[in-house]
Q: 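Take a look at this one; I'll ask things after.
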Amino acid sequence: MDKTIALELRHITKTFGEVVANKDVNLELYRGEILSLLGENGSGKTTLMNMISGIYFPDEGHILADGKEVVIRSPKDAFALKIGMIHQHFKLVDVFTATDNIILGEHMPPYSVKEEGEKIIAEANGIKPVKGNEKFLWGLKLGLKLTALPFIKLGKKIKFDYLSKSRSARIETIAAKYGFEIDLKKKIYDMSVSEKQTVEIIKVLYRGAEILILDEPTAVLTPQEIDKLFAILRRMRDDGKSIIIITHKLNEVMAISDRVAVLRKGEHIATVNTAETNEKALTEMMVGEKVDLNIDRAEPVDPKDRLTVTDLTVVNRDGIKALDGVSFTARSGEILGIAGIAGSGQRELLESIAGLQKTAGGDIIYFDPAKEDAAVDLMQKTPVEIRDLGVRLSFVPEDRLGMGLVGNMDLVDNMMLRSYQKGHSLFVDRKNPKHLAEDIVGRLHVNTPGVRTPVRRLSGGNVQKVLVGREIAAAPTVLMAAYPVRGLDINSSYMIYRLLNEQKEKGVAVIYVGEDLDVLIELCDRILVLCAGKVSGIVDGRGAKKEEIGLMMTKLHGGENGATEEAL
Amino acid sequence: MSLKTAAAGGNVKHHKEPLFHLVKRTDIATWKKWLIRIVTVAAALLLSGIVCAVLTDGSNFIGFYEQLFRGAFGSTWRIQVLFQSWAILMCISLAVTPAFKMRFWNIGAEGQTLIAALASVTVIMYLGGKVPNAVLILVMLAASILAGAVWGAIPAIFKAQWGTNETLFTLMMNYVATQLVLFSVNAWAKDGSGTLGVLNYGSFDGLFGLEYIQNVVFVTVLTVIVFIYLKFSKHGYELEVVGESVNTAKYIGINVKKVIIRTMIFSGVMCGFAGFLLVGGSPTPTVNGTLVGGRGFTAILVSWLSKFSPVAMVFVTLLVVFLERGSSQAANSMRLGDTAAFEDIVVGLFFLLIIACEFFINYKVKFRKKEGK
């Protein structure tokens, strides 16, 4: 590997109001290397990369490309410097094909009639004949050539805008070179997340990017897809491209990168060679202290059936079955994990149980421990009806500030969401919610200026502590949590795992929807794998294999039993 | 939310930093916030003065300010009119507030108030002189409130049941109300003039011995009620949750449809009350198509500007009414012709600048540092 610097950041600082997103960051990127940018959520990784790709402008500091100082004011500037970024949220036009999306926004190479004309005249003047007859012919030719110019331009424009054959060929060459598997004629809305990501990467390569920035590219992929992506990235690196990959997953850092740059709270802590470090050391750099990365898993004590779901079917607005004949049982004192590619029916499943989703068929039966496990039918009940039946069901939804909490309300008012309806008074009681808020702030170490602060001002981890704290305070018998650690820092994540485990030990039936397979395998007693709305299988958490679950996520029953249905 | 860096100028070769870029503020000192606002109001007044000076060929710059205060506070009668106007605008501003807090884009306060005024006048037309005055007024009150409630409930029901767009719906309801008033007035006006004169019955002006300003008492009481309703009642809490996030409301088991309809009925009832005050609370009860005179729309601005706080609304309304009355007097005394037009200019400048100044409260403008520092 030659050691030329492709990109250099010097003393970059960026603030948003009083929040310092990046402080005096120095970073170097070499040609032909993969650099991991590691840091917890909110450590300023994406902000830093957005400044390179022209979305933000640094308050202070310099950016050097190929040793020259540059000013990047827009993504266009970034592209001119051959920098391309693949964002976490894809920016594609749904109704267009892959090819259309890739060539979108590309301009025809400039073609000036005036300049071309001058060229022709100059050329003609060089061979200007003297004899009258030839002179006339010469003049006629020149005139014709000049008149033809606007038409040539039009022709080129038509060819460029409507006949994109040559460009398709170029895209295919790029795809073949790095080993992308993609149908370029497919429309974006027909694509899986992984395919969309492929389109984004090809788009950036097509525009000639030499420096590629990928913002958490693996967050939405299955283990198999991640392997494929990494193979492609390695091929690009060997081709001399420089790649920055933003991530907070340590095993991926170790697997893919040549060097790792660690950010903490907006500051650059260190850049180390991957070969000379390990996951533990990186975690310490990232968090700033030693962290215990073990999740205890106690044996379930006296598990009893608490919630039985049979043949649950949900049809979404487009008439597609979001859930198709889902059956399982959640037991007390047990954590039931739910794995699956994003959008495989996890949300519909939990919302059906919580009474928020219209169901098309099936049964949801709750066994009430207060009434000697008498069966209670929860099918087609509203949340209020479920509560009035005495079912102590708590739900930590995926969308914390859009569903679980109200961002603009303070902690007290958010506590009140669950309790305000009690009693017949016309007025709300803020006293008890206030005590509860203070209690949660103290017990779960919520970092907040006070209980009167709007929750949207809190960081992701603290928001989640407030939400989980409130749901646990209701003393549930069933606790459902959808992606409860998404976007949380390591310490907060482990606190949430501990809280879930505490509830399990209290005899609560916990249902945990997660995306990190390593955590699911470590935390859960059983794991239900969803694949396109169907149950692909239920495996024991002890002894489950990541690859096995990954396979079940994409293919029903992991492709066994002759059932080789492709995932949507 | 963060703004992209604002590029200054269309320079293609980007070798320079942009001239300025915008930085979002997270917190701003309270005194700074108020300083910005006070400076803004002063700027609005200054601009109004300049407009006035230009319109009067430069002869009346200082005179404008003198007339402004004279028009608002110049005599007992003018002060009474000022507070009378305050009461009506305040009442309608209070009325639109619960709906806006629920993020229900109700721009139909104008029509709801007007239809309520029509209801009052209808009662006067058919019962005036036939029943004791006290009964007449109570029936007027009931009719107004009912009319306002119905006018508010119709778009709410459609929104809740079929998801219709409430902005268009309430706007259209305004036209229906105006046309109904024109139709009724034409039917009642026996002389064919198409206008209804002052009615002989139905005025409760002077109630409690308070001439002209008994409305102020009613609206003050209403202010307290709305304040408590929004801040301490379960209804107020529910409508706030619905406004912030319908998903959260469903998640905790709020019946969203019920809350939408209930809140709009409450809004309509208050508009109805405003319509009742416009007719019965005036010494000269009557109705015409322009009785509400755009206050249904001004109220929306007042409500938003006050950030839905009834307390802030008291002062914002006072400021707006002061500007209206004062500039109207200024226009009159300087013979600017159409007084309403000048009134609109002054109030318009105030709203324009005060809303624009919020930008500087939310964002800081950072300029490029001088080169070669």
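Lettering of chains follows the sequences in order, A, B, ..., and the numbering in each one begins at 1.
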Q: Quick check on the structure: residues of residues 309-317 of chain B within a heavy-atom distance below 4.5 Å of chain A, by number.
A: none
Q: Does the side chain of A:Thr46 come under 3.5 Å of the side chain of A:Asp215 through a donor N or O and an acceptor N or O?
A: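 Result is yes, a qualifying pair exists.
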Q: Determine which residues belonging to residues 378-386 of chain A lie within contact range of chain B, meaning some heavy atom pair is under 4.5 Å apart, and list them by number or answer 'none'.
A: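 Residues in range: A:Pro383, A:Val384.
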Q: Nearest 0.5 Å, please: how far is OH in A:Tyr483 from CZ in A:Arg347?
A: 10.0 Å
Q: When rounded to the nearest 0.5 angstrom, what distance separates CD in B:Glu238 from CG in A:Leu417?
A: 11.0 Å
Q: Determine yes or no for a side-chain-to-main-chain donor-acceptor pair under 3.5 angstrom, with B:Ser93 supplying the side chain and B:Ser303 the backbone.
A: no
Q: Does anything in residues 241-260 of chain B reach chain A? List residues with heavy atoms under 4.5 Å apart, or say none.
A: B:Val241, B:Glu244, B:Ser245, B:Asn247, B:Thr248, B:Lys250, B:Tyr251, B:Ile252, B:Gly253, B:Ile254
Q: Got a second to check how far A:Ile83's CD1 is from A:Ile211's CD1, nearest 0.5 Å?
A: 4.5 Å
Q: Does any backbone or side-chain atom of A:Met409 lie under 4.5 Å from a heavy atom of chain B? Answer side chain, backbone, both or neither.
A: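 Only the side chain of A:Met409 comes within 4.5 Å of chain B.
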Q: With B:Glu166, which residues qualify under side chain to side chain contact (heavy atoms under 4.5 Å, CB included), at least two apart?
A: B:Phe104, B:Trp105, B:Lys159
Q: Which residue in the set A:Arg457, A:Lys434, A:Arg452 passes salt bridge (charged side-chain N to carboxylate O under 4.0 Å, His left out) when paired with A:Asp410?
A: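 Checked A:Arg457, A:Lys434, A:Arg452 against A:Asp410; only one passes salt bridge (charged side-chain N to carboxylate O under 4.0 Å, His left out): A:Arg452.
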Q: I need the B:Thr97 OG1 to B:Phe266 CZ distance, nearest 0.5 Å.
A: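 Nearest 0.5 Å value for the OG1-CZ distance: 10.0 Å.
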Q: Return the CE to CG distance between A:Met51 and A:Asp59, rounded to the nearest 0.5 Å.
A: 8.0 Å
